[in-house]
Number of protein chains: 2
Amino acid sequence: MSHKEISKAVIKRLPRYYRYLGELKEAGVERISSADLSSLMKVTASQIRQDLNNFGGFGQQGYGYNVQYLRDEIAKILGLDHMHNMVIIGSGHLGQALANYTNFERNGFQVVGLFDNNKDLLGTVVNGIPIRMIDELPAFLAANEVEIAALTLPKDNAKKMVPVLLEGGIHAIWNFAHTDLNLIVPKDVAVQNVHLSESLMRLSYNLKTLQEDASPADQKEP
Amino acid sequence: MSHKEISKAVIKRLPRYYRYLGELKEAGVERISSADLSSLMKVTASQIRQDLNNFGGFGQQGYGYNVQYLRDEIAKILGLDHMHNMVIIGSGHLGQALANYTNFERNGFQVVGLFDNNKDLLGTVVNGIPIRMIDELPAFLAANEVEIAALTLPKDNAKKMVPVLLEGGIHAIWNFAHTDLNLIVPKDVAVQNVHLSESLMRLSYNLKTLQEDASPADQKEP
DNA sequence: TAGATTGTTAATCGATTAACAATC
DNA sequence: TAGATTGTTAATCGATTAACAATC
């Protein structure tokens, strides 16, 4: 690897910085110090400066950070400075919801194809995109420049799709299926999992724990 | 606090253990060692044992872990041993997709109400649940035992809903809106954020980085 | 009993926070 | 210039991994 490895924790935080900088820009704020951003975002100023300095010096001593400039730089880092074409494999409710989610376009992600194996969906058009049958996918990928595949289908079907996607030149998988595709994919393919039920389980845990803490049942220390 | 604090990192991993144990159970596996589970899940055996020992000794020396028993214990820890009623606020495509997601029920989460402020949706029934107008929410929360609110609406509307939810006795918010509700909620209310566009941005970053690593453009070390 | 494997303590590694010199 | 605030090094904290004694 030619550039130094950036930790996952840092990458996790970048989109949040990006979001706050967008809101500041909307609000007409031109510059901000790490201290001010820190009190807004409830993280330490030190962390903000450390995070940003992984990518170079975006600020200026005595001044702070220029909101517009910093936001643009983060956009470049995240690869939001150009369009990413995406296909959605699995056109059930969730797949269709994603296809309808036009906000993605603002951030540079464009849904160009919808696929399913259910013949009943043939002829259905979602947000201007016709649902195609899954066996058309290889030809579609060959004919179109597609970077990302979102997988919104049952886990066994998702696994079966992987070779087809790799064959079609896909290098990024946005995985909503309840399986760890990252374990069965070559290391040059990016996978982001969105495991909704796991998120819901964590919410359940936190709910339970907060309630136990609040209840006076077992307050005595050992 | 009466019990020792469990780190977020551990909680994050529990649902994944739960999922793997479920698959092992399905496959008829009765017992498993931390070493075998470790090679299956691609984490260290040490981590598995450390994680589980936060909650007590679920294994047995020389034997390993009983799959069924361990799974049940994790279910209890996560609060999956009883039903959680959930309302969905915002009945657009994503809200409806969640309402249709019957898998949640298997894990103890039941959608009992759907709400929106769009009068055009009045009369629409999704997965057996009628969409109600948002002004009916306080009465609904008073009349029904609801623990969780999923927020699938634009960020400004989501923020406005918070006081209504708190007033209605909601203690867990599953937040799909692009705003950090955890910062505006009392500390005894659990919030889990699902920020889809942030996930997509991380995917974009990883895609970009893997491609740069693969390209021979700048291979020389400093 | 002997072998296997946990539970747990100690060592290592990585990430966060604090501090401050550099500099705008 | 003086004040403000970054960039960066050093200190702290927390999480992961390794090691091994306890024990089934």
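Residue numbers start from 1 in every chain, and the chains themselves are labelled A, B, ... in the order their sequence lines are given, proteins ahead of strands.
- As the counterpart of C:dA18, D:dT9 is assigned, both hydrogen-bonding distances of the Watson-Crick or G-U wobble pattern falling under 3.5 Å.
- Among the protein residues, B:Ser33 comes within range of the sugar-phosphate backbone only, with heavy atoms under 4.0 Å from sugar or phosphate atoms but none that close to a base.
- C:dT23 is paired with D:dA4 under the criterion used here, namely a Watson-Crick or G-U wobble arrangement in which both key atom distances are under 3.5 Å.
- Ring planes of A:His82 and A:His84: tilted class, angle from 30 to 60°.
- The shortest distance between the side-chain N/O atoms of A:Tyr65 and the OP1/OP2 oxygens of C:dC24 is not below 4.0 Å.
- Of the residues near DNA chain C, A:Thr44 and B:Arg31, the one whose nearest nucleotide (by heavy atom distance) lies more toward the 5' end is B:Arg31.
- At whole-Å resolution of the value, CG in B:Asn54 and P in C:dT8 are 11 Å apart.
- The residue B:Ser46 sits close to a base: some heavy atom pair falls under 4.0 Å.
- Separation of atoms CG (B:Asn193) and CG (B:Asn182) is listed at 5.0 Å; rounding is to 0.5 Å.
- Rounding to the nearest 0.5 Å gives a distance of 6.0 Å between CZ of B:Arg16 and CZ of B:Arg19.
- Nucleotide D:dT6 holds its C1' atom 14 Å from the CD1 atom of A:Ile32, rounded to whole Å.
- Dashed line: the shortest gap from a side-chain N or O of A:Tyr63 to OP1 or OP2 of D:dG7 is not under 4.0 Å.
- Distance check: A:Gln68 CD to A:Leu21 CG gives 10.0 Å after rounding to the nearest 0.5 Å.
- Within the structure, a side-chain polar atom (N or O) of B:Ser34 is placed less than 4.0 Å from OP1 or OP2 of C:dT6.
- Mapping A:Arg49 and A:Gln60 onto DNA chain C by nearest heavy atom places A:Arg49 at the nucleotide closer to the 5' end.
- Atom CD of A:Gln47 and atom P of D:dC13 are 16 Å apart (whole Å).
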